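Comments concern the structure below.
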Amino acid sequence: MNSEPAPRSLVVSAPGKVILHGEHAVVHGDVVLVNTAFKSKNSLVAKCLNSALLASVADFDESKSPSAEQLDALREFAGIAAESSAPDSLATLAFLYMCLAISAKYGWTEEELSLINSWAFQGERVIHGNPSGVDNAVGTWGRGPGDDVSLARRVPTLRILLTNTKVPRSTKVLVAGVKDKILKFPAIMNPVLDSINAISQECQSVLEAMPGNPSPEYYPVLEELFDINQHHLNVLGVGHPCLDRLCRVTASHGLHSKLTGAGGGGCGVTLLRPGGAEPPSAATYRDLCACGFECWETNIGAPGVSLHCPSALKAEVLRALGMS
């Protein structure tokens with residue numbers, strides 16, 4: 001009888017966009033697919049868990065930022081150059097940091113959502129320095145952080161168009177810029193932040209009123225909130241001419257868009273009204289691609305962290321994980 005533990009796979013819908021499998025980390029759409037591959041003796045994760053590093057993590061704490069010494073040790077172990085800021089290198093570093101720390105102190109259970117969220121936030125700190133905490137909270141619970149924006153149930157499934165402007169940006173730089181602007185003009189910028197929070201509250205009310213398959217009558221308010229929010233984000237200094245162009249192109253087709261993520265380039269999200277399985281229009285895609293952008297139609301509305309056995313995963317996910 002084989003007593004070796006079966007491979008465990010974590011499938012997370014989140015903005016990290018990384019597959020970590022074997023000794024490779026690659027960009028893959030907008031889904032994080034992580035195969036920890038505990039059975040594989042050649043796996044980077046298995047090597048990490050079986051290395052002397054595991055014995056050195058007793059002082060890791062989810063309430064503290066990763067130390068420079070800890071990150072340097074992981075970079076050396078994974079062969080990541082000290083000056084590297086490539087997304088796949090930072091994603092690998094974040095995952096190995098969390099995998100080591102959690103494996104050493106806790107192990108994985110379904111009940112430890114708060115713990116998962118805390119450690120996921122540490123991964124965000126590795127990559128972004130001073131993150132908002134939104135990405136890890138949405139990845140854990142399927143909603144944003146804090147009591148003010150906490151949905152009582154799942155967000156209804158909404159069709160969206162996700163557009164990548166292909167303009168790179170640094171979240172650390174953007175966050176620092178917003179902080180500087182708030183410190184410089186507190187009487188001006190704090191009301192903007194309050195208004196953004198009010199937009200979130202209003203959006204929450206609309207989403208809670210929407211059924212699982214919403215009809216078109218719910219969309220005008222959401223579309224208007226998209227527009228207001230995008231203007232506010234420009235005021236905060238996280239906009240970009242490419243994102244303004246994206247909004248103009250989609251507006252010419254009767255659609256409403258805003259930036260998503262850090263801003264300063266990156267991606268924008270466009271709300272699509274229900275009706276029909278076809279893309280919103282060939283003209284919309286044509287015009288966005290003519291700008292040098294990439295587009296995908298997808299859905300939002302997910303429960304957050306879920307535990308899946310391999311038999312419950314779709315064939316394409318299993319193939320991506322190398323388990324089929």
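From a predicted model like this one, the values you see are computed outputs, not experimental measurements.
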Next item on the list: Could I get the full list of side chain to side chain donor-acceptor pair (under 3.5 Å) partners for Thr165, not counting sequence neighbours?
Entry: none
Item checked: Nearest-0.5 Å distance that lies between atom NE2 in His256 and atom CG in Leu225 -> 11.0 Å
Notebook entry, point to check: Are any of the side-chain heavy atoms of Thr270 and Phe226 separated by less than 4.5 Å?
Noted result: no
Check: Just wondering, do Leu271 and Leu255 contact through their side chains at under 4.5 Å, heavy atoms?
Finding: no
Next item on the list: Go through the structure and list residues passing side-chain contact (heavy atoms from CB on, under 4.5 Å) with Cys289, not counting sequence neighbours.
Entry: none
Notebook entry, point to check: For residues 213-229, which residue pairs qualify under salt bridge (Lys or Arg N to Asp or Glu O under 4.0 Å), counting only residues two or more places apart or in two chains?
Noted result: Glu223-Arg273
Notebook entry, point to check: Rounded to the nearest 0.5 Å, how far apart are CG of Leu243 and CZ of Phe293?
Noted result: 7.5 Å
Check: Do any pairs count as a salt bridge (Lys or Arg N to Asp or Glu O under 4.0 Å) and have a residue in residues 75-84, sequence neighbours left out, and if so which ones?
Finding: Asp72-Arg75
Notebook entry, point to check: What's the shortest heavy-atom distance between Arg169 and Gly265, and which atoms?
Noted result: CD-C, 4.1 Å
Margin query: Quick one, Tyr218 and Leu158 - any side-chain contact, counting heavy atoms below 4.5 Å?
Written below: no
Margin query: Looking at every heavy atom in both Tyr97 and Leu71, which two are closest together, and how far apart are they?
Written below: CD1-CD2, 4.3 Å
Which pairs of donor and acceptor atoms, one on a side chain in residues 229-238, lie under 3.5 Å apart (sequence neighbours left out)?
unit_1, atom_1, unit_2, atom_2, d
Asn229, OD1, Lys258, NZ, 3.2
Gln230, OE1, Leu259, N, 2.7
His232, NE2, Ser195, OG, 2.7
Asn234, ND2, Asp244, OD1, 3.3

Next item on the list: With the side chain counted from C-beta on, respond yes when His253 and Tyr285 share a heavy-atom pair under 4.5 Å apart, and no when they do not.
Entry: no
Margin query: Keeping His240 on the side-chain end and Cys242 on the backbone end, is there a donor-acceptor pair under 3.5 Å?
Written below: yes
Note to self: I'd like to check Leu162 versus Cys267 (side-chain heavy atoms, cut-off strictly below 4.5 Å). Are they in contact?
What the structure shows: yes
Note to self: Applying a strict under-4.5 Å side-chain criterion to I, L, V, M, F, W and Y, I'd like to know whether Ile196 and Val178 cluster together.
What the structure shows: yes
Next item on the list: Specify the closest pair of heavy atoms between Ile80 and Ser89, including all atoms of both residues, with the distance to one decimal.
Entry: CD1-O, 3.4 Å
Item checked: Pair listing, side chain to side chain donor-acceptor pair (under 3.5 Å) test, anchored in residues 170-189, at least two apart -> His128-Thr171
